[in-house]
Amino acid sequence: MLTYIVRRLATAALILLGASFVVYNLTALSGDPLEEFRGSGAPNAKQLMDARAELLDLDTPAPVRYFRWLGGAARCLLPVAGGCDLGKNVAGQPVTEALGVALVQTLTLVTAAAVLAILVGVALGVVTALRQHSVLDYGVTFMAFLFFSLPIFWVAVLLKEYGAIGFNDFLADPQIPWQVSAGLGVLAALGVGAAVGGRARRRLAAGSTAFVLTAGLLALASATRWFARPGLGLVVLLVAGTGFAFAAAALAAGPRNRRALVGGLAAVAVGLAVYFPIQGPLNGATPGMILVLGVVTVLVGTGLGWLAGGYDRRQNMRVAGATALAMGAMIALDRYMQAWPSYVADSTVRGRPIATIGASTPNLGGDFWTAGIDSFTHLVLPTIALVLVSLAGYARFTRSSMLEVMTMDYIRTARAKGVGERDVVLRHALRNALLPITTVVAFDIGGLIGGAVITETVFSVRGMGVMFLEGVTRVDPNPVMAVFICTAATAMVFNLLADLAYSALDPRIRVR
């Protein structure tokens, strides 16, 4: 495997070298970087032209400039060689400095969107494949094709209009009319009834329950003005944690291993017990503290799973660890909700928390929780826009791959041997169905790292996409090359990881 990796990296380096030469010269020869000064009537236009020509080294032919740029870029791989130098942009700013800021903005924007799109898309694909030709299948297929065909800029503008402006207006007086509560209850009933399937009586019972819960919770939230002062509390933590424990035990252990469920419920009990004592230390939270608490939470959960005993303690530990992590996440979410009223009332927010532009609120003070809420409110809309457009592809690829795999002989053999349907789907079918999805994920992540240009433009997020666009517009090769190298290297690395993942998912595949 090591030989294979070295060979692939060497090939990728040669491809990257040739592609970077072409991109640099195409950018440098695509226009005149001094055009804005040639027709200018400013008295210092000549001095400005000379300064930019010197800054961009325009007196040197583009191919020669590329090799000078390559010499500075090569030092990025060798820190002892004198530091990374990707040149300067037309504003005189070092490209490495601009790239550092843009890379953080893009990664913050696309990481959550990519993870959510993959998880939700794959889950929808599996469910619709198992429920082929059902109402759920047709509904998800319709929505997938709808979102896949919508232009991203139109989705982003609609989200700004209704997800930001409309929701901010609602927060000024968070009262939900009964017609809205009833309408959302009907939608929840239809969705749950389609997802449950089975006989009409079963679908009717599930849909009725979903209607009552949805409409009732919305009416309660309106009466208590929950959206103005949100929170979870012990009751919600108990119900949600218990539900998660049952779901995790059903998926990871099955109905035969009751010890796994006991471990998960023990993790829920511990989470409820530490809810009030942990509030004080959380007031002074820092990123490092949250990371340490997360690790401790998982360790405690896995320990509880081990103590549950039984014939398969590994299953117990997985269920209890996942449940403990979920409880910790919900406690952190509750703490964020506690900081919500003070964030909305801040003078820089002015009662309109859901932002439409930028990545942060200028001059905003506050603690760790306030900063986290501010980052969330600025990222929620662009993340939703990217998820809606991206998950459709994952859902369709997963569905078609699962349908193909479910007809294979080894699936029928597993069922004939008495293997449970959960194990058939998760351990046999899904594992093989993920092979084509792995390829799609590798390509998509490379594209996302390059920057969601349209999304960043609509929401005024100065990420790598905007950096690349400005470089092309100004005929400035240095920032264009910085984005290109990051994007190309990421795409090549993830394609290599995809090839390695093939061998992990399918024992018949070997890399040599």
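Small disclaimer: the values here were computed from a predicted structure and weren't measured. Computation of the quantities below employed the complete heavy-atom set of this structure, encompassing side-chain atoms and omitting hydrogens, waters and symmetry-equivalent molecules.
Looking at heavy atoms from C-beta onward, P63 lies in side-chain contact with N25 at the 4.5 angstrom threshold. Side-chain atoms of F21 and F67, non-hydrogen and from C-beta on, do get closer than 4.5 Å to each other. The shortest distance between side-chain heavy atoms of L171 and W340 falls below 4.5 Å. At a threshold of 4.5 Å between non-hydrogen side-chain atoms, the residues D346 and T361 do not count as touching. Between D374 and T370, the closest side-chain pair of non-hydrogen atoms is not below 4.5 Å. A 4.5 Å side-chain heavy-atom check between L56 and P33 finds at least one atom pair inside the cut-off. Contact of the Y24 side chain with the R65 side chain is registered, since non-hydrogen atoms from C-beta on lie closer than 4.5 Å. The closest side-chain heavy-atom distance from L282 to L293 is below 4.5 Å.
The number of heavy atoms from other shown groups lying within 6.0 Å of CD1 (I357) does not exceed 12.
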* Can S375 and T108 be said to form a side-chain contact (heavy atoms from CB on, under 4.5 Å), step by step? -> CA-CA 9 Å; S375 299; T108 304; 6.0 Å; no
* To do: Take Y410 and V405 through the side-chain contact (heavy atoms from CB on, under 4.5 Å) test and state the conclusion after the steps.
  => CA-CA 9 Å; Y410 62 84; V405 169; 3.2 Å; yes
* In sequence, state the C-alpha distance, the side-chain angles, and the governing distance for V389 and L150, and then conclude on side-chain contact (heavy atoms from CB on, under 4.5 Å). => CA-CA 8 Å; V389 175; L150 291 178; 5.8 Å; no
* Residue pair L364, Y343: steps toward the side-chain contact (heavy atoms from CB on, under 4.5 Å) verdict -> CA-CA 9 Å; L364 175 68; Y343 172 76; 3.7 Å; yes
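Taking all atoms of both residues into account, the shortest heavy-atom contact from N363 to T348 is O-CG2, 3.6 Å. The two atoms that bring A482 and L86 nearest to each other are CB-CD1, 4.0 Å, heavy atoms only. Residues A117 and Y394 approach most closely at O-CD1, 3.6 Å, considering heavy atoms. Between T398 and G121 the shortest heavy-atom distance is OG1-O, 4.3 Å. Taking every heavy atom of both residues into account, L109 and L379 meet most closely at CA-CD2, 4.1 Å. Between M406 and A429, the shortest heavy-atom contact is SD-CB, 3.4 Å.
With rounding to the nearest 0.5 angstrom, the CE atom of M143 is 11.0 Å from the CG atom of L124. In this structure, the separation between CE on M402 and OG1 on T407 is 11.0 Å, given to the nearest 0.5 Å. Atom CG of L325 sits about 11.0 Å away from atom OG1 of T302, to the nearest 0.5 Å. Remark: F459 CZ to T383 OG1 distance equals 9.0 Å, nearest 0.5 Å. M330 CE to L333 CG: the interatomic distance, rounded to the nearest 0.5 Å, is 9.0 Å. Here the straight-line distance linking atom CZ of F147 with atom CG of L388 works out to 5.0 Å at 0.5 Å rounding.
Looking at S149, its side chain does come within 3.5 Å of a backbone N or O of L146 through a donor-acceptor pair. Side-chain N or O atoms of N168 include one that pairs as donor or acceptor with a backbone N or O of A164 at under 3.5 Å. Under a 3.5 Å cut-off, the side chain of S401 and the backbone N or O of F397 do not form any donor-acceptor pair. Looking only at distances, no side-chain donor or acceptor of S390 sits under 3.5 Å from a matching main-chain atom of V387.
Judged as a salt bridge (charged side-chain N to carboxylate O under 4.0 Å, His left out), not a single pair has a partner in residues 94-116 (not counting sequence neighbours). For residues 153-167, there are no side-chain hydrogen bond (donor to acceptor under 3.5 Å, both in side chains) pairs, not counting sequence neighbours. Residue pairs satisfying the salt bridge (charged side-chain N to carboxylate O under 4.0 Å, His left out) criterion with at least one member in residues 351-373, sequence neighbours excluded, are listed as follows: D169-R352.
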Counting only pairs under 3.5 Å, give me each side-chain donor-acceptor contact of residues 460-468, with atom names and distances, residues two or more places apart or in other chains.
{"residue": "R462", "atom": "NH1", "partner": "E470", "partner atom": "OE2", "Å": "3.3"}
{"residue": "R462", "atom": "NH2", "partner": "E470", "partner atom": "OE1", "Å": "3.0"}
{"residue": "R462", "atom": "NH2", "partner": "E470", "partner atom": "OE2", "Å": "2.8"}

Sequence neighbours excluded and cut-off under 3.5 Å, please list the side-chain donor-acceptor pairs for residues 471-480, or say none.
{"residue": "T473", "atom": "OG1", "partner": "L469", "partner atom": "O", "Å": "2.8"}
{"residue": "D476", "atom": "OD2", "partner": "V90", "partner atom": "N", "Å": "2.9"}
{"residue": "N478", "atom": "ND2", "partner": "K88", "partner atom": "O", "Å": "2.9"}

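Between F145 and F148, the distance separating the two ring centers is not shorter than 6.0 angstrom.
When each of L381, T455, L116 is checked for a side-chain contact (heavy atoms from CB on, under 4.5 Å) with L386, only T455 meets the rule.
Between the side chains of R396 and T141, at least one donor N or O sits under 3.5 Å from an acceptor N or O.
Every residue was checked against the salt bridge (charged side-chain N to carboxylate O under 4.0 Å, His left out) condition with D59, not counting sequence neighbours, and none meets it.
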